[in-house]
Amino acid sequence: MKKLRRSMLFLPGSNAAMLSTSFVYQPDSIMFDLEDAVSIKEKDSARLLVVQTLKLGIYQKMGIETVVRINALDTPFGLDDVEAVVRAGVDVVRLPMTHSAEDVHQLEAHIERIENEIGRKVGSTKIIAAIESAAGVVNAVSIAQSTPRMIAIALAAFDYLVDMQTERGDGTELFYARCAVLHAARVAKIDAFDVVYSNINDDEGFLREVKLIKQLGFNGKSLINPRQIELLHNAYAPTQKDVDHAQEIVDAAIEGEKKGLGVVSLNGKMIDGPIITRAKAVIELAKMSGVRR
């Protein structure tokens, strides 16, 4: 099974204490933010802090994927961010405000040049595109398919809702964007991250939203608070009942194959290829994440 990407924890690149200790929370991915979370006067110092953190390799040793959200390439800071973090060995560069595939190609050209200059394997630096505008949502399929480096696309709510001239509500305002981004990810066979849930004191509301995006099919969610990680991971874990039923399906399929049966049934219901594939995925997920408490 491919890498789990349930949680991507945002960390301000200017916060030295958080950069040096947040591996203890064990998110699947950690995102050092050089963009919105960092003031203009702290951009250079934050970049240096993130580079030093990457070079220490603490997160990589813990099996946590490292991501850096750079500043947009049309700002005075974007290219310096790319130069620094790729040379420091970041796993993934997150491109903000991705409106089109051309935005991705521009970033990729810089990454490939740097990889060649430092002798890093070409293609080893991956990309996540942040979809934050109406144009990005409309172009989500071409963005998702723009490069083999693309491992995920992430919907970001604030700027998207400003662009749409609306605001956060019951989720209706995000439904089309969520579906568009998710379908684009599935077409490209990459992961999809849902938006941040900003009310860190509302666990009930957070879990309602997690239930929704899990049902839709998102791989995971961007997070701004470490205490949301355990809630998210537990919600995404299969129940023991799920695992037991999945094992029954797999066992029945194996037995049917041994007997040369073209059609296999379990408890009076036919078991076909997609059901068996899903059952195997549930079992594998339980091995990686444990079962839901």
Side-chain angles (χ1 to χ4, degrees), residues 1-9 23-30 62-65 151-155 171 174-175 178-179 181-197 200 202-223 225-293:
M1 190 173 181
K2 65 179 184 178
K3 176 178 170 55
L4 287 178
R5 292 193 176 94
R6 301 160 296 179
S7 54
M8 181 186 297
L9 178 64
F23 60 85
V24 300
Y25 301 112
Q26 287 291 294
D28 294 327
S29 303
I30 201 98
M62 300 291 290
I64 300 171
E65 184 173 60
I151 59 167
I153 50 177
L155 181 61
L174 288 172
F175 186 72
R178 280 175 164 149
C179 291
V181 166
L182 184 58
H183 278 78
R186 295 297 167 259
V187 168
K189 302 189 185 312
I190 61 175
D191 290 338
F193 281 100
D194 187 50
V195 301
V196 163
Y197 190 83
I200 61 174
D202 182 11
D203 290 349
E204 186 177 336
F206 174 72
L207 288 172
R208 277 198 306 270
E209 188 161 279
V210 170
K211 182 179 180 181
L212 170 65
I213 61 113
K214 182 187 175 188
Q215 183 65 32
L216 286 173
F218 278 86
N219 298 89
K221 195 166 181 62
S222 300
L223 306 175
N225 192 285
R227 59 191 292 267
Q228 295 174 325
I229 295 170
E230 186 175 356
L231 294 171
L232 177 66
H233 287 186
N234 189 56
Y236 261 78
T239 65
Q240 188 61 54
K241 183 179 178 180
D242 293 334
V243 177
D244 292 343
H245 182 58
Q247 191 61 58
E248 288 179 354
I249 291 171
V250 171
D251 291 344
I254 292 172
E255 187 63 25
E257 187 176 351
K258 287 179 181 178
K259 294 178 179 179
L261 299 177
V263 177
V264 181
S265 65
L266 176 67
N267 300 326
K269 295 182 179 180
M270 187 182 74
I271 301 171
D272 58 10
I275 292 175
I276 296 168
T277 299
R278 174 61 184 162
K280 290 179 178 178
V282 169
I283 293 168
E284 188 64 26
L285 177 58
K287 290 177 181 177
M288 298 178 72
S289 69
V291 296
R292 191 180 308 169
R293 294 180 300 282

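With hydrogens and angles disregarded, a donor-acceptor distance shorter than 3.5 Å links the side chain of Ser7 to the backbone of Asp28.
Residue Phe193 comes nearest to Arg5 through the heavy atom pair CE2-O, 3.5 Å, listed as atom of the first residue, atom of the second, then distance. Residue Ile153 comes nearest to Ala184 through the heavy atom pair CD1-CB, 3.9 Å, listed as atom of the first residue, atom of the second, then distance. Here the closest heavy-atom approach between residue Ser289 and residue Leu4 is recorded as CB-CD1, 4.2 Å. Summarising the geometry of Val291 relative to Asn234, their closest heavy-atom pair is O-OD1, 4.4 Å, with the distance given to 0.1 Å.
The shortest distance between side-chain heavy atoms of Ile275 and Asp272 falls below 4.5 Å.
Judged as a side chain to side chain donor-acceptor pair (under 3.5 Å), and not counting sequence neighbours, Arg292 has no contacts.
Rounding to the nearest 0.5 angstrom, the gap separating the CD1 atom in Ile271 from the OG atom in Ser265 is 7.0 Å. To the nearest 0.5 angstrom, Leu285 atom CG is 8.0 Å from Met288 atom CE. For the atom pair CG (Leu174) and CG (Leu155), the distance works out to 6.0 Å, reported to the nearest 0.5 Å. Taking CD1 of Ile190 as the reference point, atom CD1 of Ile151 lies at 8.5 Å (rounded to 0.5 Å).
Comment: Lys3 does not engage Glu65 in a salt bridge, judged by the lack of any side-chain N to carboxylate O separation of less than 4.0 angstrom.
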With a cut-off of 3.5 Å and sequence neighbours excluded, list every side-chain donor-acceptor pair involving residues 203-221.
from, atom 1, to, atom 2, distance (Å)
Asp203, OD1, Arg227, NH1, 3.4
Asp203, OD2, Arg227, NH2, 3.1
Glu204, OE2, Arg208, NH1, 3.4
Glu209, OE1, Arg168, NH1, 3.1
Glu209, OE1, Arg168, NH2, 3.4
Glu209, OE1, Arg178, NH2, 3.4
Glu209, OE2, Arg168, NH2, 3.2
Glu209, OE2, Lys221, NZ, 2.7
Lys214, NZ, Ala235, O, 3.0
Asn219, OD1, Arg186, NH1, 3.4
Asn219, OD1, Arg186, NH2, 2.9
Asn219, OD1, Ala192, N, 2.8
Asn219, ND2, Asp191, OD1, 3.1
Lys221, NZ, Asp194, OD2, 2.5
Lys221, NZ, Val195, O, 2.6

Distance-only check: which donor-acceptor pairs under 3.5 Å involve side-chain atoms of residues 243-255, not counting sequence neighbours?
from, atom 1, to, atom 2, distance (Å)
Asp244, OD1, Gln240, NE2, 2.9
Gln247, NE2, Asp251, OD1, 3.0

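Residue Tyr25 places its OH atom among 12 or fewer non-hydrogen atoms of other residues, nucleotides or ligands, all under 6.0 Å distant.
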